[in-house]
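Each chain gets a letter, A, B and so on, in the order the sequences are listed, and its residues count up from 1. Source: prediction; values computed, not measured.
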Amino acid sequence: MHRIKGDAIRKVLIIEDKPHLVEVSGDAQGLTVRSLNGAFEKSEAEVVENIVRYWFDADRDLQPFYELLNNYPPLAYMTTAFSGLRLIAMPDLFETLAWAVIGQQINLVFACKLKRRLVERYCSAMVYDSEPYLSFPSPDVIAKADADELRGMQFSAGKAAYLIGIAKAFECGELSAGLLHELPDLASRQEKLKAIKGIGTWTANYALMKCLREPSCIPYGDAGLHNALKAHGIIKDKTETEAMQQLFDRFAGWESYLVFYLWRSLSDPG
DNA sequence: GCCCAGGACTATG
DNA sequence: CATAGTCATGGG
């Protein structure tokens, strides 16, 4: 869904139903955003800036989180090893939920294959510099998808039904990022998501953390989280729920960031 | 063959 | 509320 070019990342952002290919680069001074398919109009530029700030969590002061890490020796190394790392968001709620459902209970390599098949079959594409840039299919496209065709792409019957059902929930106005934002608290947002077939505790928390930037989401039961905690000697197995809760209690208000850093540690251990 | 993978559903006490 | 069985596929 994006393409890396040296120190820059390119991605299609949909602004007022129009696809814009943007390139974001960064240095010590901050982030620079430019449009690759025509200059932004004034109103669009503001929208894009806000999206990019949100995407990279650019305005976050990480110091409070780093103080918590420094006060906890097993993870204190992260403040230098992952210095400045922000929780990268997924701008689109439907894509986030679809990705989470695809990733349920299968290994990430296979999950990536399934997502790629879904995108290549249903996405809209833009070509720039002879290279394709894809947009994740919108809910109205997946809502009309054929479950048997998804089965043929090695989606389980359950995942196929969940994806189409979630797409329909967006299409009929039952679910949207705006609707979730309007809800008063985290618990009501979790319940709203979990009312939809295919979205359980793990998926709801994943989406709220990665898309809506809820600060205190813990994807309970997450295999990667368990592996990271085991690697740091914080738990010996996934049944130690009280040890996990004690850890997250130390990081109240930063649970999502802690999960993100622990996931990061899996691909680049201490 | 067995177990696990960035789970969720249903059915059953 | 807690547990057991089921779904599907790939990799170690």
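Both A:Phe155 and A:Val109 lie near DNA chain C, and the one whose nearest nucleotide falls closer to the 5' end is A:Phe155. If A:Gly200 and A:Lys230 are placed on DNA chain B by their nearest nucleotide, the residue sitting closer to the 5' end is A:Lys230. Mapping A:Ile196 and A:Ile106 onto DNA chain B via the closest heavy atom, the residue that lands nearer the 5' end is A:Ile106.
In the model, A:Glu214 has no side-chain atom that pairs as donor or acceptor with a side-chain atom of A:Ser256 under 3.5 Å. For A:Arg213 and A:Tyr54, the side-chain atoms include no donor-acceptor pair closer than 3.5 Å. A side-chain donor-acceptor contact under 3.5 Å links A:Asp249 and A:Gln245.
Residue A:Tyr162 is in sugar-phosphate contact alone, with no base atom involved, counting any heavy-atom pair closer than 4.0 Å across all strands shown. Within 4.0 Å (heavy atoms only), A:Ile102 reaches no atom of the nucleic acid at all. Residue A:Lys113 is classed as a sugar-phosphate contact, given heavy-atom separations below 4.0 Å to backbone atoms only. Using a 4.0 Å heavy-atom distance criterion, A:Ala100 is classed as making no nucleic acid contact. No engagement by A:Leu225 is indicated, since no non-hydrogen atom pair under 4.0 Å with the nucleic acid exists.
Going from atom NZ of A:Lys159 over to atom P of B:dA5 covers 14 Å, rounded to whole Å. Going from atom NZ of A:Lys194 over to atom C1' of B:dT10 covers 16 Å, rounded to whole Å. One atom, CZ of A:Phe110, and another, P of B:dG7, lie 14 Å apart when rounded to the nearest Å. One interatomic measurement links the two molecules: CG of A:Leu108 to P of B:dA5, which rounds to 11 Å at whole-angstrom precision. Taking atom CG of A:Asp148 as the reference point, atom P of C:dA8 lies 12 Å away to the nearest angstrom. Protein atom CG of A:Leu150 is 15 Å distant from nucleotide atom C1' of C:dT9, rounded to whole Å. Nucleotide B:dC4 holds its P atom 11 Å from the CG atom of A:Asp237, rounded to whole Å. We find that CG of A:Leu266 is positioned 11 Å from P of B:dA5, with the value rounded to whole Å.
An OP1 or OP2 oxygen of B:dG7 is reached within less than 4.0 angstrom by no side-chain nitrogen or oxygen of A:Lys238. Residue A:Lys197 has a polar side-chain atom (N or O) positioned under 4.0 Å from OP1 or OP2 of B:dT10. Contact check, A:Ser156 against C:dT9: no side-chain N or O comes under 4.0 Å of OP1 or OP2.
Of the candidates B:dA5, C:dT9, B:dA8, the closest approach to any side-chain atom of A:Trp202 belongs to B:dA8.
Rounded to a whole angstrom, the distance from the C1' atom of C:dA2 to that of B:dA5 is 24 Å. Nucleotides B:dA11 and C:dA8 place their P atoms 16 Å apart, quoted to the nearest Å. The same atom, P, is picked in B:dA8 and in C:dG11; the two are 23 Å apart, to the nearest Å.
Between the side chain of A:Gln104 and the base of B:dA8 there is no donor-acceptor pair of N/O atoms closer than 3.5 Å.
Counting non-hydrogen atoms of neighbouring residues, nucleotides and ligands closer than 6.0 angstrom, the CD atom of A:Glu120 exceeds 12 such neighbours.
The aromatic rings of A:Tyr257 and A:Trp254 lie perpendicular to each other, with more than 60° between the two planes, well past the 30° mark. Ring geometry, A:Tyr261 versus A:Tyr66: the interplanar angle exceeds 60°, so the pair is classed perpendicular (tilted spans 30 to 60°).
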